Protein chains: 2
Amino acid sequence: MIQKSETRKEEIVRTAEALFKKKGYSAVTMRDIAQAMGIKAASLYNHIQSKQQILSDIIIQIGEQFTEGMAEIVAAENITSIEKLERIIKLHVQITMENPSKMATMNNDWMHLEGKLDYYLQLRRNYEESFRQILKQGIEKGELKAVNPEIILFSILSTLRSLYLWIPKREDIIKENLLGKLSQVMLTGVTA
Amino acid sequence: MIQKSETRKEEIVRTAEALFKKKGYSAVTMRDIAQAMGIKAASLYNHIQSKQQILSDIIIQIGEQFTEGMAEIVAAENITSIEKLERIIKLHVQITMENPSKMATMNNDWMHLEGKLDYYLQLRRNYEESFRQILKQGIEKGELKAVNPEIILFSILSTLRSLYLWIPKREDIIKENLLGKLSQVMLTGVTA
DNA sequence: CTACAAAACTAACAATTGTTAGTTTGACTT
DNA sequence: AAGTCAAACTAACAATTGTTAGTTTTGTAG
């Protein structure tokens with residue numbers, strides 16, 4: 001298997017996103033990032049254009065990954081709404097397991113985007129709208145409870161968006177089917 | 001009804017927390033806060049000791065409110081675990097409706113606490129541990145599904161901690177029983 | 001009208017910020 | 001041995017940061 005090794009720029013982004021996760025974009029300085037790599041701040045600029053570009057790279061990459069994933073789910077045929085919800089949950093778990101720090105950065109620091117803020121917001125609105133449509137169809141078909149879809153949307157999405165906080169700490173839980181149990185709790189509740 | 005009018009310091013905190021909610025503690029400057037009040041940054045120091053004190057006031061006040069609320073729930077007798085969960089949900093909805101910006105600040109900027117970080121973390125650990133105990137009792141008594149309590153805890157708490165994002169935008173939903181519907185979705189799920 | 005306290009102001013500080021310019025290092029290739 | 005090129009370095013900048021000191025304004029009670 002050929003493995004393209006990490007470029008220096010990717011290394012910087014990876015270092016930066018770990019710091020962003022801990023303290024947030026605004027509280028992390030270029031000197032912090034440089035120090036974590038064992039070099040001086042000015043050296044970073046041989047590889048990246050600006051601090052803002054690091055943020056933008058992180059958020060847009062993940063945002064587009066969600067957009068693609070949701071498009072596939074929407075396009076899936078012969079599938080119940082419940083199964084679509086399960087696939088949404090799976091999408092979040094997968095992306096979060098592979099990029100916990102990027103997820104933290106997207107969730108917490110999107111408002112510091114400068115050039116690409118509007119684009120990001122559009123991706124997010126579209127994603128949420130697709131989610132809403134799936135819920136509405138589920139209610140129409142009688143597969144979901146007839147509760148205000150906004151409440152369901154809020155409730156599920158809040159949990160999924162917080163996954164980055166828990167996944168890195170709970171390797172144990174993950175290995176034994178986080179996905180199945182999480183789906184069970186979110187879809188069928190907790191009462192016996 | 002006698003109404004103690006807001007002190008200047010409280011006005012500053014209220015202005016600051018709204019800005020913290022939008023951009024986060026680190027991205028808000030003392031000049032931002034001052035400008036929002038129509039005065040100069042130096043004037044703030046007639047009323048407060050430091051930027052850090054503003055943050056600390058906000059977070060500790062809310063943190064202690066949760067601690068007190070949870071203590072009452074734990075102490076309640078002749079109550080099922082389900083009813084305890086409902087009271088936890090009610091506690092979050094109430095505090096969040098009354099202090100959406102403070103909730104945002106506590107959730108997003110606690111890591112920037114300097115003097116009182118350890119105290120805050122202790123409050124939070126105790127709160128989560130009480131929550132966990134309630135879940136375990138519920139499972140033992142057969143009132144809750146026998147799912148790993150960590151997953152239930154994570155799932156419910158994620159939703160409750162995100163309430164600050166939605167409550168200010170959804171006056172409509174709130175008036176017609178947010179509490180009941182949210183409890184329904186979180187406790188009994190969404191499948192029909 | 002005067003006195004006093006609250007709350008604003010101006011001016012400045014030392015530290016830190018993101019970033020640029022120009023230079024040096026060090027590992028390969030020829 | 002000489003040349004090349006990525007990637008590090010030093011030094012500096014202009015702007016912004018939280019905060020302080022000292023002074024003036026404002027409103028109210030005697």
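Below, read A as the first sequence line, B as the second, and so on, with proteins coming before strands; counting in each chain starts at 1. As the structure is a computational prediction, the values presented were derived from the model and not from experiment.
Between the P atom of D:dT17 and the OH atom of B:Tyr25 lies a distance of 13 Å, rounded to the nearest Å. Following rounding to the nearest Å, A:Lys40 (NZ) and C:dA21 (P) show an atom-to-atom distance of 21 Å. Across the protein-nucleic acid pair, A:Ile39 atom CD1 and D:dA7 atom C1' stand 8 Å apart, rounded to whole Å. Separating the CG atom of A:Leu44 from the P atom of C:dT17 is a distance of 14 Å, rounded to the nearest angstrom. When rounded to the nearest whole Å, the span between CD of A:Gln49 and P of C:dT20 equals 10 Å. Nucleotide D:dA8 holds its P atom 13 Å from the CE atom of A:Met30, rounded to whole Å. When the P atom of C:dA8 is taken as reference, atom CE of B:Met37 falls 7 Å away, rounded to whole Å. With rounding to whole Å, B:Ile48 atom CD1 is found 14 Å from C:dA7 atom C1'.
Remark: the A:Asn46 side chain and the D:dA8 base include a donor-acceptor N/O pair separated by less than 3.5 Å.
Close to C:dC9, at under 4.0 Å from its OP1 or OP2, lies a side-chain N or O of B:Ser43. Taking side-chain N and O atoms only, A:His47 has a distance below 4.0 Å to OP1 or OP2 of D:dA8. Distances shown here put every side-chain N or O of B:Lys51 at or beyond 4.0 Å from the OP1 or OP2 atom of D:dT19. For C:dT19, neither phosphate oxygen OP1 nor OP2 lies less than 4.0 angstrom from any side-chain nitrogen or oxygen of A:Arg31.
Listed candidates were C:dA7, D:dA8, C:dA11. Nearest to the side chain of B:Ala42 is C:dA11. Residue A:Thr29 has its side chain nearest to C:dT17 when only D:dG18, C:dT19, C:dT17 are considered.
Across A:Lys21 and A:Pro168, no two heavy atoms sit closer than the pair NZ-CG, 3.6 Å. Residues B:Leu113 and B:Lys116 share a closest heavy-atom pair of CD1-O, 4.0 Å.
Between B:Tyr127 and B:His92, the ring-plane angle classifies as perpendicular under the 30° and 60° cut-offs.
Under the 6.0 Å distance and 45° angle rule, A:Lys51 counts as a cation-pi partner of A:Tyr25.
Counting heavy-atom neighbours within 6.0 Å of B:Glu11 CD, excluding the residue itself, gives a total above 12.
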